[in-house]
Amino acid sequence: MLREPQQERSRTTRRRLIEAAMDCIGERGWHGVTVAVIAERAGVSRGAAQHHFPTRESLVAAAVELLGEAQLDELRTRAAGSPDGASRIEWVVEMLLTLYTGPMFRAALQLWAVASTDDQLRDVLVPLEARVGREAHRVAVELLGVDETQPGVRELVQATLDLGRGLGLANLLTDDTRRREQIVREWARTLESRLAGTQQV
């Protein structure tokens, strides 16, 4: 029986720890999570966890980076099946607005709330969130096929992403699916009107 190479085992362990961190934070909140708790969820020893991530903050930084990459990968994968024609904008809007739902977004919100009063965590999160935010904006521009050098286009794209975050927040306490569907349709119509003539050739 072939043994798994050490480098591959190390990557697998890191991934398990990162995924366990996001699960634990989503369930328990930041203050209910320690490296020991995360290690137990991941099925590894505390020593092994601290070998990869000496502090809870370093583990969370890796988790946030993975979360952002996972969201962007999902966007790119779904974009490959985007329709052509008049229905495209509504399809893109729905995809962007549903990006900010689910357990991973819930975990991210827990971190943002704590970071607002925790300088150490904020120092970890702010640059990561800024990088992910820039990339999400770039992908949104690409999906919409617009020229953001045109007046107002950049702001409309950013407003779409901000709307998605707001709807994700509203969905935390109750199922907001029906209202989100209505907003998707109305916002898509707004974008179709406002972005007319800004599409890249």
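The figures that follow rest on heavy atoms only: side chains count, while hydrogens, waters and symmetry mates do not.
- Between the CD atom in Gln150 and the CD atom in Glu148 there is a gap of 11.0 Å [rounded to 0.5 Å].
- Distance check: Glu90 CD to Leu191 CG gives 11.0 Å after rounding to the nearest 0.5 Å.
- Under the 4.5 Å side-chain contact rule for hydrophobic residues, Val35 and Val37 do not share a cluster.
- Distance alone, capped at 3.5 Å, is enough to place a donor-acceptor pair between the Arg56 side chain and the Val33 backbone.
- One hydrophobic cluster, built from ILVMFWY side chains closer than 4.5 Å, holds both Leu169 and Leu161.
- With rounding to the nearest 0.5 Å, the separation of CZ in Arg122 from CG in Asp119 is 4.5 Å.
- Residues Arg154 and His137 are in side-chain contact: their nearest non-hydrogen atoms beyond the backbone lie under 4.5 Å apart.
- In terms of heavy atoms, Ala140 sits closest to Val157 at CB-CG1, 3.7 Å.
- Closest heavy-atom contact between Thr177 and Asn171: N-OD1, 4.2 Å.
- Under a hydrophobic-cluster definition in which Ile, Leu, Val, Met, Phe, Trp and Tyr are linked whenever side-chain heavy atoms come within less than 4.5 Å, directly or via other members, Leu111 and Leu172 are assigned to the same cluster.
- Counting only distance, with no hydrogens or angles, the side chain of Ser116 and the backbone of Ala113 share a donor-acceptor pair below 3.5 Å.
- Using a 4.5 Å heavy-atom threshold, the side chains of Thr160 and Trp187 count as touching.
- The distance from atom CZ of Arg28 to atom CG of Asp23, rounded to the nearest 0.5 Å, is 11.0 Å.
- Between Ala115 and Leu125, the shortest heavy-atom contact is CB-CD1, 3.7 Å.
- Applying side-chain contact (heavy atoms from CB on, under 4.5 Å) to Ile183 and the options Glu186, Arg185, Arg179 leaves one that passes, Arg179.
- Every salt bridge (charged side-chain N to carboxylate O under 4.0 Å, His left out) that Arg138 has, sequence neighbours left out, goes to Glu135, Glu142.
- The shortest side-chain heavy-atom distance between Leu167 and Tyr100 does not fall under the 4.5 Å cut-off.
- Electrostatic pairing of Glu181 and Arg178 does not count as a salt bridge here, judged by no charged N lying under 4.0 Å from a carboxylate O.
- For Arg14 (side chain) and Phe53 (main-chain N/O), no donor-acceptor pair under 3.5 Å exists by modelled atom type.
- In this structure, Leu17 and Val44 approach most closely via the heavy-atom pair CD2-CG2, 3.6 Å.
- Few gaps surround CZ on Arg189; more than 12 heavy atoms of other groups in view lie less than 6.0 Å from it.
- Salt-bridge formation is detected for the pair Glu8/Arg11: a Lys NZ or Arg NE/NH1/NH2 atom is positioned less than 4.0 Å from an Asp or Glu carboxylate oxygen.
- The number of heavy-atom neighbours closer than 6.0 Å to CD of Glu40, taken from other residues, nucleotides and ligands shown, is 12 or below.
- Put simply, CD1 on Ile89 and CZ on Arg194 are 12.5 Å apart, with the number rounded to the nearest 0.5 Å.
- Taking each heavy atom of Ala21 and Leu59 in turn, the nearest pair found is CB-CG, 3.9 Å.
- Ile38 and Cys24 get closest at one heavy-atom pair: CA-SG, 4.3 Å.
- With values rounded to the nearest 0.5 angstrom, His51 atom NE2 is found 6.0 Å from Ser10 atom OG.
- Side-chain atoms of Arg16 come within 3.5 Å of backbone N or O of Ala42 as a donor-acceptor pair.
- Two residues are said to be in side-chain contact when any heavy atoms from C-beta on lie closer than 4.5 Å; Leu163 and Leu97 meet this criterion.
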